[in-house]
Amino acid sequence: MGLPLFFMFFCFLFVCVSSLGVQLQIQDKYVVMENEMLQVTLSNPDGIVTGIRFHDIENLLEVGNDEFNRGYWDLVWSKAGSPGTKGTLDRIETTNFTVIEENEEKVELSFTRLWNSSLEGKQVPLNIDKRFIMLRGSSGFYTYAIFERLAEWPAFNIDNIRMAFKLNKDKFHYMAIADDRQRFMPLPDDRLRGRGQALAYPEAVLLVNPIEPEFKGEVDDKYQYSCKSEDIRVHGWISTDDPPVGFWQITPSIEFRSAGPLKQYLTSHVGPTTLALFHSVHYSGADLILRFPQGEPWKKVFGPIFIYINSLLDGDDPLLLWEDAKQQMMIEVESWPYDFLASEDFPSLDQRGSVSGRLLVQERYVSNGQYISANGAYVGLAAPGDAGSWQRECKGYQFWTRADEDGYFSISNVRTGNYSLYAWVPGFIGDYRYDFNITITERCDINIGDLVYEPPRHGPTLWEIGIPDRSAAEFYVPNPDPGYINKLYVNHSDRYRQYGLWERYAELYPEGDLIYTVNLDNYTKDWFFTHVTRKKDNKTYEGTTWQIKFELKNVNESAIYKLRLALATAHVSELQVRINDPSTKLALFSTGQIGKENTIARHGIYGLYWLFNVEVPGTLFFEGNNTIYLTQTLSISPFQGVMYDYIRLEAPPPCDSTKNSLFCIS
Ligand SMILES: *[C@@H]1O[C@H](CO)[C@@H](O)[C@H](O)[C@H]1NC(C)=O
Ligand SMILES: *[C@@H]1O[C@H](CO)[C@@H](O)[C@H](O)[C@H]1NC(C)=O
Ligand SMILES: *[C@@H]1O[C@H](CO)[C@@H](O)[C@H](O)[C@H]1NC(C)=O
Ligand SMILES: *[C@@H]1O[C@H](CO)[C@@H](O)[C@H](O)[C@H]1NC(C)=O
Ligand SMILES: *[C@@H]1O[C@H](CO)[C@@H](O)[C@H](O)[C@H]1NC(C)=O
Ligand SMILES: *[C@@H]1O[C@H](CO)[C@@H](O)[C@H](O)[C@H]1NC(C)=O
Ligand SMILES: *[C@@H]1O[C@H](CO)[C@@H](O)[C@H](O)[C@H]1NC(C)=O
Ligand SMILES: *[C@@H]1O[C@H](CO)[C@@H](O)[C@H](O)[C@H]1NC(C)=O
Ligand SMILES: *[C@@H]1O[C@H](CO)[C@@H](O)[C@H](O)[C@H]1NC(C)=O
């Protein structure tokens, strides 16, 4: 039963005429939702999308895959106390199907699975309700899911929650995740043995004999297409066959994603696969495992997201589909929060509230301590906690915005509940948290006025390296080994996404480790973006020690200096600080073992933010030349190490009698 061909001619310049409304057919093994634009088939009662028919394309999904492996919600879970982040994959095949709403304007379907104690140890202790919605005249469908556990249910962990689509591999060859991140992609078969050769870990494959020779010699790795949460609004694939067709996942709000706006997630990758990630431990590690102890109830709504399908006339430039998908994304964002969801667990606009205010920064040694507006600050609401706790917070919702150039911010569409207000300001170290909890009630409009963030500061800056912005992007990123490139990132602002850059360190510093001389060197050229281990022979690695050399004209031996070490990420690392004598057995400071973020292997430029404030007694410094030694000691793999965000040495506060004497307190 194909849609009549004339519908194709009804659709031009992305405008379509709707007439039929939404129709639902319930069969024994399948449920079919259909409107004027497309037809979606779900398995009954498992709630897996098995088919998407669009115009005369019978199925946009990969029919060579088993039906359970085409369009599905899944999660990875483990019993409490399990080590690591690798649990059991559960495709959430549900057991009960219900029609929630059915009329010409809208169909909403619910696929549920209830947990009870007979399933203990066999199934994740959650009740799950997967919803699918189709609207009249809409070229796509919505999906969301409600997860719930009762307090008395067993403890467990979740590593990953997502929705995945495996698209028709004969059609979808062009992938777009951003204006400057899109390309023709290799075929999935190119990754298989014989055509591809796995590199340092299975996800990275060198294409040695791809079906299309243009990809020969390139590296393919899904982590090269990771994105920060705030930027994952629309991504997907284009079929450049005539007529061109696009398949997009649109996420209008990131309120339900774990760990705030900077958390990085996978997007689309060779398959052709399109993912909507709601929770993952990538670029963060075990700190982000969702852990539920017995006694803790939980309920959360993931989504909705919109799966958008678009097309053009024969001969049109297929890349216009990306432009149209971005337009549609804006439409979805403006319609948020949606008003057509049946679940009471998804609050509508008038059940939400807002907060606004202004954030100022007060820095004793910048602008003479005058208030500065927190231009571009990230300001957000998340579960009550300590400053910075939002970057590990996964159980609740988070609501973030950016302050304008005068520091004014407004956070709207916030769910009711209790929150802390958090912020961080590009250009300044540290984390802000408002001292009081904020209670959001329905339709509240709270103005909290002017807030002042005082970043950590001890004395005037003696020198600094980098920009305090939680990323290592401003440092020296080498060119990749020409044998291991992804062409997309040649001459690209995200050059750090190339494979194998960790190996370049020892090539660039074959004899000794990095030495940086303040006032002589420039961190854009002379500070390698990641402090990695060094390969000793073919199998073993050793720690490395970087040196910062600088001159002090005079030293107050009875005062305390402060070294600010802001890290953009760490992976099974211990960073030690020594002053002027690299051989002291005991370091002045050690971070202890920190991080499991795996940012180096995943071609990232940041993971979690770490700020260490090291007190240096003046007695350790010389008048004249000094050296700070930074040693990363842990070294069993090439992927261990840290990335620095920013380093600053502060002098003791000046005890100038013409200034306020408070300035002398250290
Ligand atoms: C299926 O869901 C419907 C509606 O939520 C409910 O009335 C019914 O009891 C459920 N059946 C099972 C077996 O869970
Ligand atoms: C518990 O769940 C199993 C599997 O879904 C089901 O067969 C059984 O009837 C349920 N028991 C109760 C008491 O609901
Ligand atoms: C929020 O906090 C207030 C005051 O502490 C408390 O009375 C209220 O129950 C809390 N609300 C929620 C949803 O936790
Ligand atoms: C904020 O809320 C948290 C969690 O409900 C609570 O532990 C904390 O005491 C509250 N803080 C203040 C300042 O009320
Ligand atoms: C990269 O840029 C250089 C210099 O601008 C140019 O010569 C080279 O062809 C470019 N390479 C690619 C792959 O675009
Ligand atoms: C460091 O190098 C960059 C890029 O080459 C340049 O723009 C900048 O002005 C340099 N900084 C200093 C202090 O020389
Ligand atoms: C390292 O491996 C290369 C190539 O496999 C080999 O030629 C070389 O002898 C090895 N070196 C050591 C020190 O084992
Ligand atoms: C040196 O530091 C001590 C302790 O902060 C302070 O009391 C003293 O005035 C300082 N000396 C000078 C010359 O600044
Ligand atoms: C201090 O370091 C500078 C630059 O590295 C060097 O030129 C100078 O000779 C050094 N001074 C002494 C006393 O070692």
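Below, all heavy atoms of this structure are taken into account, side chains as well, without hydrogens, waters or symmetry copies. Every number for a ligand or one of its atoms is a count from 1 in the order of the listing. For the single chain, residues carry numbers from 1 onward in sequence order.
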Solution key, residues 373-385 side-chain donor-acceptor pairs under 3.5 Å, sequence neighbours excluded:
residue: Ser373; atom: OG; partner: Glu405; partner atom: O; Å: 3.1
residue: Tyr378; atom: OH; partner: Glu230; partner atom: OE2; Å: 2.7
residue: Tyr378; atom: OH; partner: Arg402; partner atom: NH1; Å: 3.0

Inset, instruction - Check Arg495, Gln498, Gln224, Arg181 against Tyr489 for a side chain to side chain donor-acceptor pair (under 3.5 Å) and give me the one that passes. - result: Arg181
Inset, instruction - Looking only at distances, please establish whether an N/O atom of ligand 4 is found under 3.5 Å from an N/O atom of Asp435. - result: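 Looking only at distances, the answer is no, because the N/O contact criterion of under 3.5 Å is not met.
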Legend entry - Beyond-backbone contact of Glu507 with Pro478, side-chain heavy atoms, under 4.5 angstrom: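 Answer no - side chains too far apart.
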Inset, instruction - Could you check if a side-chain atom of Asn160 sits within less than 4.5 angstrom of a side-chain atom of Leu277, using non-hydrogen atoms only? - result: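 Asn160 reaches Leu277 side chain to side chain.
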Check residues 297-304 and write down every donor-acceptor pair under 3.5 Å in which the side-chain atom is one partner and the other belongs to a residue at least two apart or another chain.
residue: Trp298; atom: NE1; partner: Lys395; partner atom: O; Å: 2.9
residue: Lys299; atom: NZ; partner: Asp345; partner atom: OD1; Å: 2.9
residue: Lys299; atom: NZ; partner: Asp345; partner atom: OD2; Å: 3.2
residue: Lys300; atom: NZ; partner: Phe256; partner atom: O; Å: 3.1
residue: Lys300; atom: NZ; partner: Cys394; partner atom: O; Å: 3.3
residue: Lys300; atom: NZ; partner: Gly396; partner atom: O; Å: 2.7

Inset, instruction - May I ask whether Ser558 has any heavy atom positioned less than 4.0 angstrom from an atom of ligand 8? - result: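 Distance cut 4.0 Å: Ser558 passes for ligand 8.
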Inset, instruction - Sequence neighbours left out, what passes side-chain hydrogen bond (donor to acceptor under 3.5 Å, both in side chains) with Asn625? Give chain and number order. - result: none
Legend entry - Closest non-hydrogen atom pair between Gln398 and Trp390, with its separation: NE2-O, 3.0 Å
Legend entry - Within the 4.0 Å heavy-atom sphere of ligand 6, strictly under, residues: Asn522, Thr524, Lys525
Inset, instruction - Below 4.0 angstrom from a heavy atom of Asn556, which ligand 8 atoms are there? Numbered from 1 as shown, please. - result: 1 (C), 2 (O), 3 (C), 8 (C), 10 (C), 11 (N), 12 (C), 14 (O)
